[in-house]
Amino acid sequence: MKKSPSQENSFHQRAVQVVKKIPRGRVATYGQIAALAGSPRAARQVVRVLNTASEKEKLPWHRVINREGRVVLKPGRGYELQKALLKDEGVVFDDNGLVDFDRFLWKPRTRKP
DNA sequence: CTCGTGACTCCCG
DNA sequence: TCGGGAGCCACGA
């Protein structure tokens, strides 16, 4: 039996599809995307995907943050840009620059409890 | 070809 | 409690 075509893509391609599915006004974590793409520990590859794909495709790379709910970028590296973009979508950061996961964390439609 | 690094995350001592 | 190392995959020098 052949695998489904949607599963034939590489991690890179799958990650792109996942990121594109992030709804506006929501954020996701690297590990989350990596897990959805097939490798729960491939968070680093997600980073590579964002850097590469964001330049060609209109990926919501700014909706991807780390496990802490914080923007991992360094000042001058897109950190302010990401925060500004999220803020423009309605995402709010607290004084520590943390996002409220209870309100903005993207919940993938995997299954109903 | 080999080595190192990267917007990360998890596990173990 | 806190720190360090390993894991994941890709790409540049």
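Computed from a prediction, not measured in an experiment: that's the story for all the values here. The sequence lines fix the lettering, A, B, ..., with proteins before strands; numbering per chain opens at 1.
Atom-to-atom, CZ of Arg41(A) to P of dC8(B) comes out at 17 Å; the value is rounded to the nearest Å. The interatomic distance linking Asn51(A) (CG) with dC8(B) (P) rounds to 10 Å, in whole Å. Whole-Å rounding puts the Gln32(A) CD to dC10(B) P distance at 11 Å. Between the CD1 atom of Ile33(A) and the C1' atom of dC9(C) there is a distance of 15 Å, given to the nearest Å. One interatomic measurement links the two molecules: OH of Tyr30(A) to C1' of dC10(B), which rounds to 17 Å at whole-angstrom precision. One atom, CD of Glu68(A), and another, P of dC10(B), lie 11 Å apart when rounded to the nearest Å. Nucleotide dC9(C) holds its P atom 16 Å from the CD atom of Gln13(A), rounded to whole Å. With rounding to whole Å, Arg77(A) atom CZ is found 17 Å from dC8(B) atom C1'.
When atom types are taken as modelled, the side chain of Arg70(A) and the backbone of Val99(A) share no donor-acceptor pair closer than 3.5 angstrom. Panel note: side chain Thr29(A), backbone Gln32(A); a donor-acceptor pair is recorded below 3.5 Å.
Using a 4.0 Å cut-off between charged side-chain N and carboxylate O, Arg26(A) and Glu89(A) make no salt bridge.
dC8(B) sits 22 Å from dT1(C) when the C1' atoms are compared, rounded to a whole Å. dA7(B) and dC2(C) have their P atoms separated by 26 Å, with the value rounded to a whole Å.
Projected onto DNA chain B by closest heavy-atom contact, Arg67(A) and Arg48(A) fall at different nucleotides, the more 5' of which corresponds to Arg48(A). Comparing Arg44(A) and Thr52(A) by the nucleotide of DNA chain C that holds the closest heavy atom to each, the one mapping nearer the 5' end is Arg44(A).
Of the options Ile65(A), Val71(A), Val64(A), Ile22(A), a side chain to side chain contact (heavy atoms under 4.5 Å, CB included) to Val27(A) is made by Ile65(A) and by none of the others.
Side-chain proximity of Asn66(A) to the nucleotides dA7(B), dT9(B), dC9(C) is greatest for dT9(B). Comparing dC8(C), dT9(B), dA7(B) by their closest approach to the side chain of Trp61(A) singles out dA7(B).
Phe93(A) carries Lys83(A) over the face of its six-membered ring, with the cationic atom under 6.0 Å from the centre and within 45° of the normal.
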